[in-house]
Amino acid sequence: MSLIALRERSRVPTATEIDQIPWLSQLSAAHQSLALRSLRVVQADVGEQVCRIGRPASYWFGVIDGLLKMSSDNIMGTPITFTGVPPGAWFGEGTLLKGEPYRYNIEALRRTLVAGVPVEVFHDLLEQSLPFNRFVLNQLNERLGQFIAAREIDRINDPDSRVARNLSALFHPVLYPGVGEVLRITQQELGYLVGLSRQRVNEALKVLQARALIRIEYGGLRVLDLAGLRCYGSPGS
DNA sequence: TCATTAAATTGTT
DNA sequence: AACAATTTAATGA
């Protein structure tokens, strides 16, 4: 796997791309321009890594368009924990705050446009902007809940439930505001994410559609009942 | 704008 | 894993 070279391949984002950054509009004009001065975007091709475990954390990353996969290596060397990173998501603040190297790998599931803010600017904003602090704090808090849910998902062995829970995580409205009611993800990509074959994902999606939780669309799907997905397969339902 | 072709994605075995 | 059917994207008149 090749690590992406942000320094060389990056460019300045366009206006429409900037619109996909959820925290920018909450900042004061001065801080917006501070962020925009250093904001860069780069296109990651399938299989390319945005960041790698052990590398020094130099950027705060966000997804403009596309889909990334976050995988956390085990000590044994077997990659275990997977999480999807859809448009509107920003990540890395935890490691940036602690000044540690990255503790997970991020790789592109499909061609993805990634934005990056240098670590110095991230810290400047953290010191100077209250709205920025709110965003980061909220982000950390919400993600804590995500990880707890992820532990439970890993224990589930029923494929239909796994797919349902993973989908509900991807549609998280606070962490991933860029995801509307339609998520652009192919069944193949969902398979890589959940750890199932494409065929099995296809079966699971049809079950979920039959229960009116989602609607399958070409190259993606639409969520009809997010709450229903979230507790699918649990004793309550 | 429309018709044709290629590529991507899905449904099925 | 392989194949056919379907949808989208690209191309050119």
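Below, chains carry the letters A, B, ... as their sequence lines are ordered, and counting in each starts from 1.
- At distances below 3.5 Å, at least one donor-acceptor pair connects side-chain atoms of A/T112 with backbone N or O atoms of A/L67.
- Ring-plane geometry between A/Y102 and A/Y104 is classed as tilted, the angle between the planes lying from 30 to 60 degrees on a 0 to 90 degree scale.
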Could you go over nucleotides 7-9 of chain C and give all protein N or O partners under 3.5 Å, atom names and distances?
{"unit_1": "C/dT7", "atom_1": "O2", "unit_2": "A/Y218", "atom_2": "OH", "d": "3.1"}

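- With respect to A/R162, the side-chain contact (heavy atoms from CB on, under 4.5 Å) criterion is satisfied by exactly one of A/L167, A/V194, A/N157: A/V194.
- B/dA8 atom P lies 11 Å from atom CZ of A/R111, rounded to whole Å.
- Each of A/Y59, A/F132, A/F61, A/F135 was checked for a ring pair (Phe, Tyr, Trp, His ring centres under 6.0 Å) with A/F122, and the lone residue meeting it is A/F132.
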Tabulate atom names and distances for all N/O pairs under 3.5 angstrom spanning the protein and nucleotides 11-13 of chain B.
{"unit_1": "B/dG11", "atom_1": "OP2", "unit_2": "A/Q187", "atom_2": "NE2", "d": "2.9"}
{"unit_1": "B/dG11", "atom_1": "OP2", "unit_2": "A/N202", "atom_2": "ND2", "d": "2.4"}
{"unit_1": "B/dG11", "atom_1": "N7", "unit_2": "A/R198", "atom_2": "NH1", "d": "3.4"}
{"unit_1": "B/dG11", "atom_1": "O6", "unit_2": "A/R198", "atom_2": "NH2", "d": "2.6"}
{"unit_1": "B/dT12", "atom_1": "OP2", "unit_2": "A/K206", "atom_2": "NZ", "d": "2.8"}

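- More than 12 heavy-atom neighbours from other residues, nucleotides or ligands sit within 6.0 angstrom of CZ on A/R200.
- The separation between A/L67 atom CG and B/dT9 atom P is 12 Å, rounded to whole Å.
- Counting non-hydrogen atoms of neighbouring residues, nucleotides and ligands closer than 6.0 angstrom, the CZ atom of A/R155 reaches no more than 12 such neighbours.
- To the nearest angstrom, P of B/dT9 lies 14 Å from CG of A/L183.
- For the residue pair A/L24 and A/A35, the shortest heavy atom distance occurs at CD1-CB, 3.9 Å.
- Checking each of A/R110, A/K69, A/R9 against A/E48 for a salt bridge (charged side-chain N to carboxylate O under 4.0 Å, His left out) leaves exactly one that passes, namely A/R9.
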